[in-house]
Amino acid sequence: MKLVFATNNTHKLEEVRAMLSDSIEIVSLKEIGCSEDIPETAETMEGNALLKVRYIKEHYGYDCFADDSGLEVEVLNNTPGVYSARYSGIPHDAEANMNKLLQEMEGKANRKGRFRSVIALLLNGEEYLFDGIVNGQITKEKRGENGFGYDPVFIPDDYTQTFAELGDHIKNQISHRARAVAKLTAFLSTNSI
Ligand code: IMP
């Protein structure tokens, strides 16, 4: 089956393409002629993921799925969370976001954090939500070149390297998005048209 993935983030698009089985073909926003920024004004990841799929259905007519994700840091009251992409005040500036995070965490002994992903699916007039979490630790400095966003400052539990050092192959097996996508895939394989 073909399904639109409502994201403008090419890293996410490639990650999810690599995770899905051949039976699900992902169509990008570019391919349906959507180049505008979809509003993400909700206060939760669930809310934002739903806003994205409803926007695409309303303006382009396609069933689709969307992910909203972020980093939740325990000692910072689970922020930046839904505001992860614009934590520094400059939207989508990963360097500035990581610098702000490392600054906020200076001197903090508790380095526990988790990435969380919520996927919304709009299919045949029904809405569904799937989530995924990966727990880990926030480093004291950036390490590694792969991935995107906060990958250079996040070490998943049971590993010693950051997501940016581990690379896509390992990240795509254990990440928050991989876990949410696995639930989406399981659902689609039993419920698709
Ligand atoms: P979204 O595009 O609104 O879901 O924002 C997600 C933001 O959370 C991204 O811009 C990143 O800052 C962060 N983020 C989400 N997933 C990841 C990931 O897999 N690695 C690193 N950062 C991530």
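We number each residue from 1, following the sequence as shown. Whatever order the structure lists ligands and atoms in, that order sets their numbers, starting from 1.
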A.B. asks: Taking all non-hydrogen atoms of both residues, which atom of A178 and which atom of N172 are closest, and how far apart?
C.D. replies: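 Minimum heavy-atom separation between A178 and N172: CB-O, 3.1 Å.
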A.B. asks: Out of A178, S84, S69, A66, whose heavy atom is nearest to atom 5 (O) of ligand 1?
C.D. replies: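 Heavy atom nearest to atom 5 (O) of ligand 1 belongs to S69.
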A.B. asks: Mind checking what makes ring-ring contact (aromatic ring centres under 6.0 Å, His included) contact with F148, not counting sequence neighbours?
C.D. replies: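 Expected list: H11.
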A.B. asks: Of the protein's non-hydrogen atoms, which lies at the shortest distance from atom 12 (O) of ligand 1, and what is that distance?
C.D. replies: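 Heavy-atom neighbour on the protein nearest atom 12 (O) of ligand 1: Y150 CE1, 3.1 Å.
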A.B. asks: Give me the nearest non-hydrogen protein atom to atom 19 (O) of ligand 1 as residue plus atom name, then the distance to 0.1 Å.
C.D. replies: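 I find the closest protein heavy atom is K171 NZ, 2.7 Å.
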A.B. asks: Report the relative orientation of the aromatic rings in Y128 and F187; use parallel for angles under 30°, tilted for 30 to 60°, perpendicular for over 60°.
C.D. replies: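 Answer is tilted, since the angle falls between 30° and 60°.
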A.B. asks: Should H176 be listed as contacting ligand 1, given a heavy-atom distance under 4.0 Å as the test?
C.D. replies: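 Heavy atoms of H176 do come under 4.0 Å of ligand 1.
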A.B. asks: Considering only the protein, which heavy-atom contact is closest to atom 23 (C) of ligand 1, and what is its distance?
C.D. replies: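 Minimum-distance protein heavy atom for atom 23 (C) of ligand 1 reads F115 CE2, 3.5 Å.
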A.B. asks: Does a salt bridge link K52 with D67, judged by any charged N lying under 4.0 Å from a carboxylate O?
C.D. replies: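 D67 and K52: not salt-bridged.
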A.B. asks: Quick check for you: to the nearest 0.5 Å, what is the distance between L166 atom CG and F154 atom CZ?
C.D. replies: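 Here the interatomic distance stands at 10.5 Å.
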A.B. asks: Does the side chain of E127 come within less than 4.5 Å of L121's, by heavy atoms?
C.D. replies: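 Contact flag for L121/E127 side chains = no.
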A.B. asks: Identify, for atom 3 (O) of ligand 1, the protein heavy atom at the shortest distance, and state residue, atom and that distance.
C.D. replies: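 The closest one turns out to be E40 OE1, 2.7 Å.
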A.B. asks: What protein heavy atom sits nearest atom 4 (O) of ligand 1, and how far off is it?
C.D. replies: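 Looking only at protein heavy atoms, the one closest to atom 4 (O) of ligand 1 is K12 NZ, 2.7 Å.
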